[in-house]
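One structure below.
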There are 4 protein chains.
Amino acid sequence: MARAALLEAAARLFAGVGFAGVNSNQIAREAGVGVGTFYRHFADKRAVLQALVVAAIEALERDTQRALTQVPSDDVGSQLRGRVEALVSFAERDPDRFRAAFGEPGAGRVPAPSARALERRLRGLQRQGRVDSALHPGAAAKATLSMQFALVSWWLEDRTRVPRPALVETLVRLHPAHRSG
Amino acid sequence: MARAALLEAAARLFAGVGFAGVNSNQIAREAGVGVGTFYRHFADKRAVLQALVVAAIEALERDTQRALTQVPSDDVGSQLRGRVEALVSFAERDPDRFRAAFGEPGAGRVPAPSARALERRLRGLQRQGRVDSALHPGAAAKATLSMQFALVSWWLEDRTRVPRPALVETLVRLHPAHRSG
Amino acid sequence: MARAALLEAAARLFAGVGFAGVNSNQIAREAGVGVGTFYRHFADKRAVLQALVVAAIEALERDTQRALTQVPSDDVGSQLRGRVEALVSFAERDPDRFRAAFGEPGAGRVPAPSARALERRLRGLQRQGRVDSALHPGAAAKATLSMQFALVSWWLEDRTRVPRPALVETLVRLHPAHRSG
Amino acid sequence: MARAALLEAAARLFAGVGFAGVNSNQIAREAGVGVGTFYRHFADKRAVLQALVVAAIEALERDTQRALTQVPSDDVGSQLRGRVEALVSFAERDPDRFRAAFGEPGAGRVPAPSARALERRLRGLQRQGRVDSALHPGAAAKATLSMQFALVSWWLEDRTRVPRPALVETLVRLHPAHRSG
DNA sequence: AATGAATGAGATTTCATTCAT
DNA sequence: TATGAATGAAATCTCATTCAT
C-alpha cells in the first residue's frame with residue numbers, strides 16, 4: 001500500500017525529472033500519502049532508489065529466467081536473443097521503473113551481481129572459443145551492461161526514434177557473445 | 001588563475017562526491033578563493049559543470065584528431081585503435097576531469113555532437129560493407145559512446161582492476177567498427 | 001500492567017537521556033506496548049513525567065514519615081538525619097525514578113508543597129532559637145531542597161565518586177537545621 | 001554582531017520560556033537576523049547555550065576576582081560575603097543571561113571548573129580547621145554551587161519575594177565556609 | 001482495551017546566491 | 001576584481017497524536 005505507492009510514485013518522478021530533481025515531499029504527494037509516511041518507509045530519497053533498483057533487478061532476473069526456459073539451452077545465439085528480448089519487454093512493461101532504476105545514475109550504477117553473472121558467462125564462452133578471448137571479461141561485462149541499460153533507457157525516452165526490432169537487433173549484435181563471423 | 005583554479009577544484013570534487021554532493025562554497029574553498037569570486041566567474045553551479053564538459057569535449061576532440069594524424073587514413077582498424085588510445089590517454093591525463101565531465105549523470109552524458117559524428121561514420125562504414133548493416137546506426141552510436149564513457153570512468157575508479165592494454169583491447173573489440181571475422 | 005510498564009520505561013529513558021531526548025514511541029516500545037496504548041493511559045508526553053513526579057513525591061513523603069516514626073520526635077538532630085537517610089535510601093532504591101522525577105529541569109523541580117513544609121519547619125526552629133534567625137526561611141527552604149535533589153541526582157550518576165556515608169554526612173551538615181556549633 | 005545579537009536573543013528567550021521552549025528560528029527572528037545566520041554562528045541550539053554558559057562563567061569569574069581585590073585577603077568571612085555579593089550583583093546586572101546560563105538545566109549543570117575551584121578552597125579551609133572536616137569537599141562544592149545558582153535564579157523570577165539583603169545573608173549563611181559558631 | 005500505520009505541523013538544516021565593503 | 005558574512009527559500013526530517021481495525 002503506502003510503500004508500494006511510494007515506490008511507484010518515485011519511479012514516475014525519477015523517470016520524469018531525474019533523481020536530483022525530486023524531493024521527498026514531492027514523492028509523498030505524488031503517492032498520495034503524508035511526508036511522515038515517506039520517512040516511515042524509507043530512510044531518505046536514496047533508500048527509495050535503492051529499493052527500486054533491488055526490486056527491478058529481481059524482477060528482471062525473474063523475467064529473464066522465465067524467457068530462457070522457452071529456448072534451447074544449447075543454442076547460445078537464441079539464448080542471447082532471448083535475454084535481450086526479455087530486457088526490452090521488461091523495459092516496455094514499466095518504462096518508468098526501468099528508467100528510474102537503470103537509466104538514472106551514470107556510469108557506475110550497473111548492479112554488481114548482474115555484472116558478475118555476465119562475467120562468468122563470458123568466461124565460460126571464452127573457454128569454449130565462442131567469445132573473443134582477447135576481451136577482458138570483467139570489463140566486457142561491465143561495458144555490455146552499461147551499454148544495454150543506457151541504450152534502452154534512451155530508447156524509452158522516445159520509442160519512435162528506433163523501431164523495436166532494430167533496437168533488439170542492435171543490442172544482440174553489439175553483445176560480445178554475438179557471433180559476427 | 002581564479003577561473004582555472006575553480007574548474008580544477010570542481011573537477012576534483014565532482015569526481016569525488018558527484019555534482020549533487022558538492023556546493024559552491026566548497027568549490028570556492030577548495031579553489032582557495034572566496035565564494036563571491038565563484039559567482040564572478042560562473043553564473044551558477046551548473047555553469048561550472050557545463051564549462052567542464054565543454055572544455056573536456058573540445059580537448060578530447062583535439063587529442064583524438066591529433067592522434068588520427070599519426071595513422072593511415074584508409075586503415076579503419078588503426079583509426080579505431082587510435083581513437084580508443086586517445087580516449088584512454090585523455091582519461092589518464094586528467095582522471096578527475098574525465099569522471100566529472102563524462103562519468104556524471106547530471107551533465108549531458110553522451111554529448112550529442114559526438115554521437116552524431118559517430119553515427120555518420122558508422123553509416124559510411126555500413127555503406128562500404130565494413131560494419132554490420134543490421135545495426136541501427138543511431139542506436140549503435142549512442143550505445144558505443146555510453147559504453148566507452150562508462151567503462152573508462154569505471155576503470156579510473158581503480159585502475160588496478162584492469163590492465164591498460166586489456167582495457168584498450170576490450171574497447172576496440174566491442175566497437176561496432178571492429179572486424180571480428 | 002501497561003500503565004506501570006510505561007511509567008517504569010519512561011523513568012528509565014528520562015533518567016538516561018532526559019525528557020526532551022525521548023519520544024512517546026520510544027517509551028511505548030521500551031515498555032513493550034503499542035503507541036496507542038501510551039495515549040490510552042496518558043493524555044500526552046508531559047503527563048507521564050507529571051505522573052512520575054507526583055508518585056515520586058508521594059512515595060518519598062511516605063518513606064520519610066515512616067522513617068521519622070523510628071526516631072524520637074523531640075530530637076531535631078536525629079530527625080534531620082532520619083530525613084536525609086530516607087531521601088538517600090529512596091534514591092538508591094529506584095535511581096531512575098529519582099533522576100527522572102527530581103533531576104530534570106522540565107518538571108516542577110523543587111515541589112512547592114515540600115518547600116512550604118520545610119519553610120514552616122524552619123520557621124518553627126527559628127522561633128525556638130535552633131536555627132539561625134538571619135536566614136530567610138522561604139529562601140533557605142528553596143535552597144536546601146534544590147541542593148538536596150541536585151546533589152543526590154549527581155551522586156546517582158556515579159555512586160563511586162562519594163561513599164554513601166560521606167554523602168549523608170554532607171547533606172546533614174549542609175542543612176540549615178544542623179547545629180554546627 | 002550577528003553573533004552577539006544571537007547570544008543576547010537566546011538569553012532573553014531561554015530565560016523567558018526555557019531552553020526546550022525555544023527553537024532556532026525564534027532565536028534568529030528575535031535577534032533580527034536570518035535563520036541561515038544562526039547556523040553560520042552556531043551548530044545548533046545547544047551550542048548557543050554552551051557559548052552562553054562559557055561566557056557567563058568567564059564574566060562571573062572576572063567580576064568575582066575584581067570584587068575580591070576590595071577585601072582583605074586574610075578575612076575568610078569578608079571574602080565569602082564578597083563572593084556572594086559579586087554573584088548577586090552579576091545576576092542583577094543581566095538577569096536573562098544568568099537564568100539562561102545557570103538557571104535552566106537542572107541538577108548536573110554546575111560548571112565543572114567552578115566546582116573544582118570551590119572544592120580546592122574548601123579543602124584548604126578544612127586543613128586550617130575553618131570548615132567542618134566531616135564534609136565531603138567534592139560533594140559540598142557541588143551542592144553549594146547548585147544551591148546558589150538555583151536560589152539566585154529563583155529569586156530573579158520575582159525579586160519581591162525576598163529582599164536583596166536577606167538573599168545575600170541566606171546565601172552567606174548556607175555556605176559551608178560560614179562560621180556559624 | 002490494544003494496536004501501529006499514518007499524519008502533517010513544525011523543527012532543523014542546507015546552500016545557492018547576493019551585496020556591502 | 002575579490003571577498004565572505006548574511007540571507008531565506010526550500011529541503012530534510014522528527015514526533016506527538018489520531019484513528020481504523
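Keep in mind that the numbers below use all heavy atoms, side chains included, and drop hydrogens, waters and symmetry copies. Naming: A, B, ... by sequence-line order, numbering from 1 per chain.
- Among residues two or more places apart in sequence or in another chain, the side chain to side chain contact (heavy atoms under 4.5 Å, CB included) test is passed with B:Ala55 by B:Arg97.
- Secondary-structure stems of DNA chain F, taken as three or more successive Watson-Crick or G-U wobble pairs (i with j, i+1 with j-1) under a 3.5 Å distance threshold, comprise E:2-21 with F:2-21.
- With sequence neighbours left out, C:Arg62 forms a salt bridge (Lys or Arg N to Asp or Glu O under 4.0 Å) with no residue at all.
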Between the protein and nucleotides 12-14 of chain E, which nitrogen or oxygen pairs come in under 3.5 angstrom?
| from | atom 1 | to | atom 2 | distance (Å) |
| --- | --- | --- | --- | --- |
| E:dT12 | OP2 | D:Ser24 | N | 3.1 |
| E:dT12 | OP2 | D:Ser24 | OG | 3.2 |
| E:dT13 | OP2 | D:Tyr39 | OH | 3.3 |

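- Separating the CZ atom of C:Arg40 from the P atom of E:dT3 is a distance of 10 Å, rounded to the nearest angstrom.
- C:Ala28 comes within contact range of no nucleotide atom at all, as no heavy-atom separation falls under 4.0 Å.
- In terms of position on DNA chain E, the residue among D:Gln26 and C:Phe38 whose nearest nucleotide sits closer to the 5' end is C:Phe38.
- C:Asp96 meets the side chain to side chain donor-acceptor pair (under 3.5 Å) test with no other residue; sequence neighbours excluded.
- In this structure A:Arg93 satisfies the side chain to side chain donor-acceptor pair (under 3.5 Å) test together with A:Asp63, sequence neighbours excluded.
- Shown here are the ring pair (Phe, Tyr, Trp, His ring centres under 6.0 Å) partners of C:Phe42, two or more places apart in sequence or in another chain: C:Phe38.
- Partners of A:Ile57 by side chain to side chain contact (heavy atoms under 4.5 Å, CB included), not counting sequence neighbours, listed by chain and number: A:Val53, A:Phe102, A:Pro111, A:Ser114.
- Contact annotation: the side chain of C:Ser146 never approaches that of D:Phe149 to less than 4.5 Å [non-hydrogen atoms, C-beta and beyond].
- By the neighbour-count criterion of 12 heavy atoms within 6.0 Å, atom CE of C:Met1 is densely surrounded, having more than that number from other residues, nucleotides or ligands.
- Atom pair C:Arg29:CZ and E:dA2:P shows a separation of 19 Å (rounding to whole Å applied).
- Applying the side chain to side chain donor-acceptor pair (under 3.5 Å) test to residues at least two apart or on different chains, the pairs with a partner in residues 41-61 of chain A are A:Glu61-A:Gln65.
- When the side chain to side chain contact (heavy atoms under 4.5 Å, CB included) test is applied to C:Ala20, no partner is found at least two apart in sequence or on another chain.
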Do any side-chain atoms of residues 3-18 of chain C form donor-acceptor pairs under 3.5 angstrom with protein atoms, and if so which ones, sequence neighbours left out?
| from | atom 1 | to | atom 2 | distance (Å) |
| --- | --- | --- | --- | --- |
| C:Glu8 | OE2 | C:Arg12 | NH1 | 3.4 |
| C:Arg12 | NE | C:Glu30 | OE2 | 2.8 |
| C:Arg12 | NH2 | C:Glu30 | OE2 | 3.2 |

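- Boundaries of the chain D contact region on DNA chain F are F:dG4 to F:dG8, first to last in 5' to 3' order (nucleotide atom under 4.0 Å from a heavy atom).
- Separating the CD1 atom of B:Ile27 from the P atom of E:dA16 is a distance of 8 Å, rounded to the nearest angstrom.
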